[in-house]
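Excluded from the calculations below are hydrogen atoms, water molecules and symmetry mates; all remaining heavy atoms, backbone and side chain alike, are included. In the text below, chain A, chain B and the rest are named by the order of the sequence lines, each starting its count at 1.
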Amino acid sequence: MPELPEVETIVRGLQAVLPGKRIMGVRLGITDFIEDPSALKEHLPGRRISSVRRYGKFLVFDLVSPGGDSRRLALLIHLGMTGQIVTCKPDAPIATHTHAYFALDDGSEMRYRDIRRFGSIRILAEGAPSGVLGPLGPLGLDPLEVTEKEFRAAIRGRHARIKALLLDQRVLRGMGNIYTDESLWHARIHPARLGAILKDEELHGLYIAMRRVLSQAIRFRGSSISDYVDSQGTPGKFQQRHCVYGRKGKKCPRCGAVIRRETVAGRSSYFCPKCQRAPRKTRKAHRKH
DNA sequence: CTTACGGCCTGGGTGC
DNA sequence: TGCACCCAGGCCGTAA
C-alpha cells in the first residue's frame, strides 16, 4: 500500500497530534507479524513520544523516558501493503483487522490495522552497541533529499533494470511500484532498461520526474487504490492523477497509445510502449553455458 | 552481484 | 450461490 507519499502524509498527521503524549498501555491482537510482542508491552508504557518521523517507508516514533532514564528508544512501524494507523477515541468502533492499540495519556488511542499483516512493529534501541539502526541500516538515499549527483552515482554502473533499482530500498528509500512507474513514464524511460545504459540526460529527466511526482503526490495526500487512508481515516487523491499506473488498456495521456502492463523485476509494470521505448532485448541466451 | 520465484496473508474482482 | 483463478502501494529467503 504505502509508499513514500502515503507514509509522509500519515507522519505529518501524527506529528501534529502525538508529540508530548505518553504511551500508557499497549494491547495486542494477532501478533504473528510482530517480531517481539512482549518487548512492546515492556518498553513502551510510560514513555513519551517526542517526535514522529519518516525514514523511507518506516514510521519512526522517537521515545523519551520522563524518569531520567536516558536510554533512547524508538518505535518502528512499517505498513507493508495494507497497514493503517489512526488516532481516535478508545470507544470508537473497532475496524476489522485492528491488531494493536496504544493508549495515550490524553485519553485518546492510536490503532494499527493491517488486513494482510505484511507490516511490522518493533522497538529500536538507539543506544545499543551493535546494529544500532536495525532495519534502517541498509536503507539508501531519500528520494526527496538526494542530489542529482548522488542519484546518478547510485544508478550509473548498475546492471539491474532501472525499475528494480528504483524499487530497491538499499538504493533509494521510499519508492514503490506506483511512483516508480509514474516517474519512469514522465521521464520516458522503459522500466526494463538497464541502469548502466541510461544517458546522463535521461538520468537528469528521471531525477526531476521522480521528485516532481513524489512532491505532487504528497500535496495530494497520497494515492488510495483500495486500502490506504491517512491518520484521520481520509483517503488520498493522487490516484486521480496517475498517468500510467493501473491504466492498462487506456490511452497514454501524452501520445494516445494504449498503455500496457508487463511484469518487470517481478512486479506489475505499467508503461506507454510508444513514449517508453523498449530495450533491444535481454541477452539471456549468452549466459547459459 | 543479479534474476526468478515462492511465500507470507486477506480480500476484491472476474468469469464460468 | 459457489468455485477457481488472478490481482494487489512490500519485502524476505532461497536457488541458480
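When the side-chain nitrogen and oxygen atoms of Lys248(A) are compared with OP1 and OP2 of dC7(C), none of them lie within a distance under 4.0 Å. For dG10(C), the OP1/OP2 oxygens have no side-chain nitrogen or oxygen of Gln169(A) closer than 4.0 Å. For His78(A), a side-chain nitrogen or oxygen approaches OP1 or OP2 of dC11(C) to under 4.0 Å.
Pairs of residues two or more places apart, or lying in two chains, that qualify as ring-ring contact (aromatic ring centres under 6.0 Å, His included) and include a residue from residues 88-117 of chain A are Phe33(A)-His99(A), Phe33(A)-Tyr112(A). Counting only residues at least two apart or in different chains, salt bridge (Lys or Arg N to Asp or Glu O under 4.0 Å) contacts with residues 241-261 of chain A comprise Arg260(A)-Glu262(A). The stretch residues 97-112 of chain A participates, sequence neighbours left out, in these salt bridge (Lys or Arg N to Asp or Glu O under 4.0 Å) pairs: Lys21(A)-Asp106(A), Arg27(A)-Glu109(A), Arg48(A)-Asp105(A), Glu109(A)-Arg111(A). Pairs passing the ring-ring contact (aromatic ring centres under 6.0 Å, His included) check and including a residue from residues 35-61 of chain A, sequence neighbours excluded, read Phe58(A)-His78(A).
Side-chain contact between Leu166(A) and Tyr179(A) is absent, with no heavy atoms from C-beta onward closer than 4.5 Å. At least one side-chain heavy atom of Ser223(A) sits less than 4.5 Å from a side-chain heavy atom of His242(A).
Regarding Asp181(A), its CG atom lies at a distance of 11 Å from the P atom of dA8(C), rounded to whole Å. Atom CG of Leu167(A) and atom C1' of dA4(B) are 15 Å apart (whole Å). Summarising the geometry, the separation between CD on Glu6(A) and P on dA8(C) is reported as 16 Å, rounded to the nearest angstrom. Remark: P of dG10(C) and CG of Asp168(A) are 13 Å apart, rounded to the nearest angstrom. Distance CE (Met175(A)) to C1' (dC11(C)): 17 Å, rounded to an integer number of Å. Look at CZ on Arg161(A): it is 8 Å from C1' on dT3(B), rounded to the nearest Å. With rounding to whole Å, Gln84(A) atom CD is found 15 Å from dG10(C) atom P. In this structure, the OH atom of Tyr55(A) is 18 Å from the C1' atom of dG10(C), given to the nearest Å.
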At under 4.0 Å between heavy atoms, which parts of nucleotides 6-12 of chain B does protein reach? Answer with one letter per nucleotide, 5' to 3': B base, S sugar-phosphate only, - none. --BBBS-

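In DNA chain B, runs of at least 3 consecutive Watson-Crick or G-U pairs, each pair with both distances below 3.5 Å, span B:2-8 with C:10-16, B:10-16 with C:2-8.
Residues passing the side-chain hydrogen bond (donor to acceptor under 3.5 Å, both in side chains) test with Arg267(A), sequence neighbours excluded: none. For Asp32(A), the side-chain contact (heavy atoms from CB on, under 4.5 Å) partners two or more places apart in sequence, or in a different chain, are Ile30(A), Arg117(A). Considering only residues two or more places apart in sequence or on other chains, Phe118(A) meets the ring pair (Phe, Tyr, Trp, His ring centres under 6.0 Å) condition with none of them.
When the C1' atom is compared between dG2(C) and dC9(B), the two are found 23 Å apart, to the nearest whole Å. For the P atoms, the distance linking dG11(B) with dC11(C) amounts to 22 Å, nearest Å. The gap from the P atom of dG10(C) to that of dC1(B) amounts to 23 Å, rounded to the nearest Å.
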Run the side-chain donor-acceptor check on residues 212-219 of chain A: report pairs under 3.5 Å with partners two or more places apart or on a different chain.
unit_1: Arg212(A); atom_1: NH2; unit_2: His186(A); atom_2: ND1; d: 3.2
unit_1: Ser215(A); atom_1: OG; unit_2: Arg211(A); atom_2: O; d: 2.6

Side chains of residues 139-150 of chain A: which donor-acceptor pairs under 3.5 Å do they make with residues two or more places apart or in other chains?
unit_1: Asp142(A); atom_1: OD1; unit_2: Leu144(A); atom_2: N; d: 2.8
unit_1: Asp142(A); atom_1: OD2; unit_2: Arg54(A); atom_2: NH1; d: 3.2
unit_1: Asp142(A); atom_1: OD2; unit_2: Arg54(A); atom_2: NH2; d: 2.9
unit_1: Thr147(A); atom_1: OG1; unit_2: Glu150(A); atom_2: N; d: 3.1
unit_1: Thr147(A); atom_1: OG1; unit_2: Glu150(A); atom_2: OE1; d: 3.3
unit_1: Glu148(A); atom_1: OE1; unit_2: His204(A); atom_2: ND1; d: 3.1
unit_1: Glu148(A); atom_1: OE2; unit_2: His204(A); atom_2: ND1; d: 2.8
unit_1: Glu150(A); atom_1: OE1; unit_2: Thr147(A); atom_2: N; d: 2.9

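Only Arg267(A), Ser268(A), Tyr270(A), listed by number, bring a heavy atom of residues 262-273 of chain A to less than 4.0 angstrom from any atom of DNA chain C.
Nucleic acid contact class of Arg261(A) (heavy atoms, under 4.0 Å, all strands): sugar-phosphate only. Heavy atoms of Tyr245(A) sit under 4.0 angstrom from primed sugar atoms or phosphate atoms, though from no base atom.
Side-chain heavy atoms closer than 4.5 Å link hydrophobic residues (I, L, V, M, F, W, Y) into clusters, and following such links, possibly through other members, connects Phe220(A) to Leu4(A).
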